2 protein chains.
Amino acid sequence: MRIGELGQATGVDIETIRYYEKAGLLPAPERRQNGYRAYAPLHVERLAFIRHCRALDISLADIQRLLAFVAHPESDCRDIDRLIDAQLARVQARLQSMQALERQLTALRGRCGKSHLAGDCGILHELVAAAHHEACICHREALSKPAEVEAVIAPLATQGA
Amino acid sequence: MRIGELGQATGVDIETIRYYEKAGLLPAPERRQNGYRAYAPLHVERLAFIRHCRALDISLADIQRLLAFVAHPESDCRDIDRLIDAQLARVQARLQSMQALERQLTALRGRCGKSHLAGDCGILHELVAAAHHEACICHREALSKPAEVEAVIAPLATQGA
DNA sequence: CTTGACCCTATAGTTACTACAGGGTGTGTA
DNA sequence: TACACACCCTGTAGTAACTATAGGGTCAAG
């Protein structure tokens with residue numbers, strides 16, 4: 001199977017496939033005489049594994065760790081548990097910050113009045129007010145809970161962490 | 001005010017401050033004889049505006065657009081509304097995909113048995129099963145709703161879109 | 001032979017930071 | 001005066017997970 005066919009079969013972009021090979025997640029396949037990659041069924045399965053984990057927002061580094069567990073069935077299952085637990089905790093933390101964010105944006109959106117001039121815009125006033133150290137409506141609740149501001153900003157800033 | 005002082009005053013990393021200046025979001029300040037930046041109160045306010053928007057997960061490009069509205073009070077408020085609406089929609093879509101993800105990870109986590117060998121690990125079995133085109137428990141519901149699989153993968157893949 | 005689809009490697013770009021290299025400036029202390 | 005330390009500067013590179021592009025090779029059909 002050539003790379004285009006693998007891409008078709010799995011819905012993964014060929015450049016992403018080559019990226020995964022370079023990253024060491026997908027074993028380098030045999031090559032044909034003309035230099036084209038020749039993928040075997042094991043590659044299809046491996047790629048499906050990787051995409052499944054990506055769908056769970058598991059980082060490539062963690063996927064690599066999971067693959068090591070697959071390769072070593074005698075290794076400790078608790079490490080896998082810990083990995084998934086950590087992932088679950090990250091997702092839950094992110095979920096909470098997204099929920100706070102939705103509330104804040106909804107509140108900000110509610111500031112739009114009837115005027116159609118930016119100079120009179122309630123949204124802009126709110127955003128500018130924040131710059132004057134006034135408690136804005138979208139963050140008013142959060143300002144009384146400094147930890148929540150951090151909960152919003154920190155995950156955003158460390159989105160890849 | 002020097003850059004370190006601005007960083008202290010706003011909680012923003014000095015490298016991030018320089019980044020914003022280079023990105024055109026923060027006006028370049030005057031310079032002292034020795035080349036050090038000399039920030040004015042307007043910079044403090046502008047930086048606060050930017051960080052407030054970042055806290056709302058608004059992209060730097062959109063922040064630039066909002067700043068253009070601030071600079072042109074005669075412009076149309078509806079464009080601001082549309083920007084915030086689009087942002088709200090993005091956050092809500094992301095929120096839904098995170099919720100699905102949490103459910104899936106919770107289900108996967110529940111597969112861990114009592115054995116402590118990776119070879120017997122329910123989590124690994126699930127992940128590997130997915131590679132065999134079997135309906136895994138973490139995605140089983142989603143497989144009956146193909147749109148939801150896309151809802152999980154597409155936002156993850158376009159995280160910066 | 002030409003054309004278009006497919007393939008190759010290498011490099012660069014995306015987004016929003018963050019880190020590092022190499023060097024300059026200012027201040028306090030011995 | 002010399003040294004140490006904190007702070008500053010520009011430029012470049014790195015992070016994570018892709019995605020795009022440049023330049024060139026291969027293959028099959030017309």
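Keep in mind it's a predicted model, so treat the numbers as computed, not measured. Atoms considered below: every heavy atom in the structure, side chains included; atoms not considered: hydrogens, waters and symmetry mates. Labels below follow one simple rule: chain letters A, B, ... track the order of the sequence lines, proteins then strands, and each chain is numbered from 1.
- Cluster annotation: B:Leu66 is connected to B:Val44 through the hydrophobic network of ILVMFWY side chains, with a link wherever side-chain heavy atoms come within less than 4.5 Å.
- With hydrophobic clusters built from ILVMFWY side chains whose heavy atoms lie under 4.5 angstrom apart, A:Tyr36 does not share a cluster with A:Ile17.
- When the C1' atom of C:dC8 is taken as reference, atom OH of A:Tyr39 falls 11 Å away, rounded to whole Å.
- Within residues 16-27 of chain A, the residues approaching DNA chain D are A:Thr16, A:Tyr19, A:Tyr20, by heavy-atom distance under 4.0 Å.
- One atom, CD of B:Gln33, and another, C1' of C:dG24, lie 14 Å apart when rounded to the nearest Å.
- OP1 or OP2 of D:dC9 lies within a sub-4.0 Å distance of a side-chain N or O belonging to B:Arg37.
- Listed nucleotides D:dA20, D:dT26, D:dC18 differ in distance to A:Glu15; the shortest reach to its side chain belongs to D:dA20.
- Salt-bridge formation is detected for the pair B:Asp79/B:Arg82: a Lys NZ or Arg NE/NH1/NH2 atom is positioned less than 4.0 Å from an Asp or Glu carboxylate oxygen.
- Protein atom CD1 of A:Ile58 is 13 Å distant from nucleotide atom P of D:dC18, rounded to whole Å.
- Each end of the helix from C:dC1-D:dG30 to C:dA30-D:dT1 yields a helix axis from five base pairs, and these two axes differ in direction by 40° (to the nearest 10 degrees).
- Between B:Val12 and B:Leu6 there is no side-chain heavy-atom pair separated by less than 4.5 Å.
- Side-chain contact between B:Phe49 and B:Leu67: present, with at least one pair of heavy atoms (C-beta onward) separated by less than 4.5 Å.
- Annotation: salt bridge (Lys or Arg N to Asp or Glu O under 4.0 Å) contacts involving residues 58-71 of chain A, sequence neighbours excluded, comprise A:Asp62-A:Arg65, A:Asp62-A:Arg90.
- Of the residues in residues 60-68 of chain B, B:Leu60 come within less than 4.0 Å of DNA chain C through at least one heavy atom, sorted by number.
- Proximity of a side-chain donor or acceptor of A:Gln87 to a complementary backbone N or O of A:Leu56 within less than 3.5 Å is detected.
- If you measure from atom CD1 of B:Ile14 to atom C1' of D:dC8, you get 8 Å, rounded to the nearest angstrom.
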For nucleotides 4-6 of chain C, give me every protein contact, N/O to N/O, under 3.5 Å, one pair per line with atom names.
unit_1 : atom_1 : unit_2  : atom_2 : d
C:dC6  : O2     : A:Tyr36 : OH     : 3.2

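- Atom CD of B:Glu30 has 12 or fewer heavy atoms from other residues, nucleotides or ligands within 6.0 Å.
- A straight line from CG of B:Leu47 to P of C:dC17 spans 11 Å, rounded to a whole angstrom.
- In terms of phosphate contacts, B:Arg54 brings a side-chain nitrogen or oxygen within less than 4.0 Å of OP1 or OP2 of C:dC17.
- Rounded to an integer number of Å, the gap from CZ of B:Arg51 to P of C:dA16 is 11 Å.
- D:dC8 atom C1' lies 14 Å from atom CG of B:Asp13, rounded to whole Å.
- The side chain to side chain donor-acceptor pair (under 3.5 Å) analysis of residues 19-29 of chain A, with sequence neighbours excluded, yields the pairs A:Tyr20-A:Arg51, A:Glu21-A:Arg37.
- In this structure, B:Asp57 and A:Ser97 have side chains that are not in contact, with every pair of non-hydrogen atoms separated by 4.5 Å or more.
- Atoms CG and CD, from B:Leu105 and A:Gln92 in turn, are 8.5 Å apart once rounded to the nearest 0.5 Å.
- If you check every strand for non-hydrogen atoms under 4.0 Å, A:Arg31 touches sugar and phosphate atoms only.
- Clustering ILVMFWY residues whenever any of their side-chain heavy atoms sit less than 4.5 angstrom apart, transitively, puts A:Leu83 in the very cluster that holds A:Ile63.
- When the side-chain nitrogen and oxygen atoms of A:Asn34 are compared with OP1 and OP2 of D:dC27, one or more of them lie within a distance under 4.0 Å.
- The cluster map of Ile, Leu, Val, Met, Phe, Trp and Tyr, joined by side-chain heavy atoms under 4.5 Å apart, puts A:Met98 and B:Leu88 in the same cluster.
- Judged purely by atom type and a 3.5 angstrom limit, B:Glu5 uses its side chain to pair as donor or acceptor with the backbone of B:Arg2.
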